[in-house]
Amino acid sequence: GSVSIVHVRLTPIDDELVFAVANDNTEQRAAEATRREFAVNVSHELKTPIGALSLLAETIESASDDPVMVREFAVKMRREARRLTKLIQEIIQISRLQGGESVLDHDQVDVAGVVHEAFEGAALAAEAKRISLVADLRERPHVLGDRDLLVMAVRNLVDNAVSYSDPGARVTASVTCKDDIVSIAVLDQGIGIDAQDQERIFERFYRADPARARDTGGTGLGLSIVKHVALQHGGAVTVWSQPSVGSTFTLSLQRFEESE
Ligand code: ADP
């Protein structure tokens, strides 16, 4: 339950504790506000594909004598349904990651294997745009963590790199080590990101260019998931980007040494 500040003031306690409790309460209130805001955003984001679906269904109703049109709208409906599924899966994923209680497995994970699996997942989308996926694996470090979550994080970065690149471009994932930090960098030659957007893209539902992101089937949750996976592993994710030059997203994790 929440701690009331009034109670604290009635009892003589040293400043430090008062501060700690006050701080705790502020944090709690901020967390509640964030949850409320998330719920509002979720309903808003769900409304878009559902609205599109009912509009498409209506159109089919009135054009049911034209089989070509019916087919065309059915294809569109399937795409919206896919978007909706992805959105719901990501919402569940993000709620779990933020749930407080850790959902992490703590296995010894081969980072190169994570990159390979992320590439496998992104291969179809890359092929469709003739984008080559290049793995630059000079080292074979391990980290301690949840393999599935790490694959999902890297996959999100690779999917974005493919989505926001022109056909025929190249996407590179490299694994490097410095001291006890492993860095997985996903580099693209895509559209890049403005400086002011770079600060906000890790926020849930934030999209630098909503129209374009919607075209790519984007939900605005991918990078937020990557951030939470990184934090759950005691790591971080950073971005370097320049508009019309490209972007590099780097996931940094603590290296796991076998001798430990
Ligand atoms: P989305 O599902 O819209 O891609 P993300 O959370 O993955 O959502 O990314 C948030 C926004 O960051 C995107 O809408 C896009 O504007 C920008 N972005 C992410 N990755 C890249 C990239 N590799 N190149 C250019 N822009 C990117």
Side-chain angles (χ1 to χ4, degrees), residues 27 30-42 44-45 86-106 109 111 114-115 117-118 121-122 143-164 171 173-176 178 181-188 190-210 213 216-242 246-255:
E27 258 172 42
E32 265 159 38
T34 308
R35 263 197 298 278
R36 253 199 309 276
E37 191 197 336
F38 184 51
V40 170
N41 283 339
V42 164
H44 179 79
E45 295 290 329
K86 185 177 172 200
L87 191 59
I88 291 167
Q89 278 168 347
E90 289 187 350
I91 288 166
I92 292 170
Q93 207 50 259
I94 215 161
S95 320
R96 274 202 200 128
L97 282 168
Q98 303 191 134
E101 94 275 27
S102 184
V103 289
L104 286 191
D105 279 341
H106 284 283
V109 182
V111 177
V114 169
V115 170
E117 199 166 322
V143 296
L144 213 54
D146 190 307
R147 190 171 189 281
D148 292 342
L149 287 182
L150 291 172
V151 169
M152 181 172 71
V154 177
R155 167 83 193 272
N156 273 326
L157 295 178
V158 177
D159 278 344
N160 279 348
V162 169
S163 291
Y164 299 105
V171 169
S174 67
V175 174
T176 52
K178 190 161 185 275
I181 301 294
V182 180
S183 296
I184 309 166
V186 178
L187 179 151
D188 68 53
I191 61 170
I193 306 159
D194 278 342
Q196 68 262 42
D197 286 323
Q198 284 175 33
E199 292 170 16
R200 303 204 53 195
I201 47 174
F202 295 99
E203 292 171 20
R204 291 170 307 200
F205 297 119
Y206 189 82
R207 286 168 283 214
D209 179 351
T216 66
T219 57
L221 287 173
L223 285 179
S224 170
I225 290 175
V226 176
K227 185 180 87 179
H228 281 103
V229 170
L231 293 179
Q232 286 265 9
H233 283 80
V237 56
T238 54
V239 60
W240 175 93
S241 186
Q242 209 165 308
S247 311
T248 302
F249 286 84
T250 306
L251 182 61
S252 309
L253 301 164
Q254 194 76 29
R255 184 174 190 167

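FYI, side chains are in, hydrogens and waters are out, and symmetry mates aren't considered; it's all heavy atoms of this structure.
Side-chain contact between Asp197 and Tyr206 is present, with at least one heavy-atom pair separated by less than 4.5 Å. Looking at Leu253 and Leu150, their side chains come closer than 4.5 Å, going by heavy atoms from C-beta outward.
For Glu117, the salt bridge (Lys or Arg N to Asp or Glu O under 4.0 Å) test picks out Arg147, with sequence neighbours left out. Qualifying side chain to side chain contact (heavy atoms under 4.5 Å, CB included) partners for Ile191, counting only residues two or more places apart in sequence or in other chains: Tyr164, Arg212.
Atom CG of residue Leu221 and atom CD1 of residue Ile94 lie 5.0 Å apart, to the nearest 0.5 angstrom. The structure places CZ of Phe249 at 5.0 Å from CG of Leu223, a figure rounded to the nearest 0.5 Å. Note that the OG1 atom of Thr219 and the CD1 atom of Ile88 stand 11.5 Å from one another [nearest 0.5 Å]. Distance CD/Glu90 to CD1/Ile225: 4.5 Å, rounded to 0.5 Å. To the nearest 0.5 Å, atom CZ of residue Arg255 and atom CD1 of residue Ile181 are 11.0 Å apart. Here the straight-line distance linking atom CD1 of Ile184 with atom CG of Leu157 works out to 8.5 Å at 0.5 Å rounding.
Across every non-hydrogen atom of Glu199 and Glu203, the tightest pair is O-OE2, 4.4 Å. The shortest heavy-atom contact between Ser247 and Gly192 is OG-CA, 3.6 Å. In terms of heavy atoms, Gly222 sits closest to Asn156 at O-ND2, 3.6 Å. Taking each heavy atom of Phe202 and Thr238 in turn, the nearest pair found is CZ-C, 4.5 Å.
Sorted by first and then second residue, the pairs that involve residues 149-161 and meet salt bridge (Lys or Arg N to Asp or Glu O under 4.0 Å), not counting sequence neighbours, are Arg155-Asp159.
Checking side-chain atoms of Glu45 against main-chain N and O of Phe205 turns up no donor-acceptor pair under 3.5 Å. For His228 (side chain) and Ser95 (main-chain N/O), no donor-acceptor pair under 3.5 Å exists by modelled atom type. Between the side chain of Asp188 and the backbone N or O of Gly246 there is no donor-acceptor pair closer than 3.5 Å. Checking side-chain atoms of Gln198 against main-chain N and O of Ile193 turns up a donor-acceptor pair under 3.5 Å.
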(request) Show your reasoning for whether side-chain contact (heavy atoms from CB on, under 4.5 Å) applies to Val229 and Met152. (result) CA-CA 9 Å; Val229 170; Met152 181 172 71; 4.3 Å; yes
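Applying side-chain contact (heavy atoms from CB on, under 4.5 Å) to His233 and the options Val143, Asp146, Leu144, Val109 leaves one that passes, Asp146.
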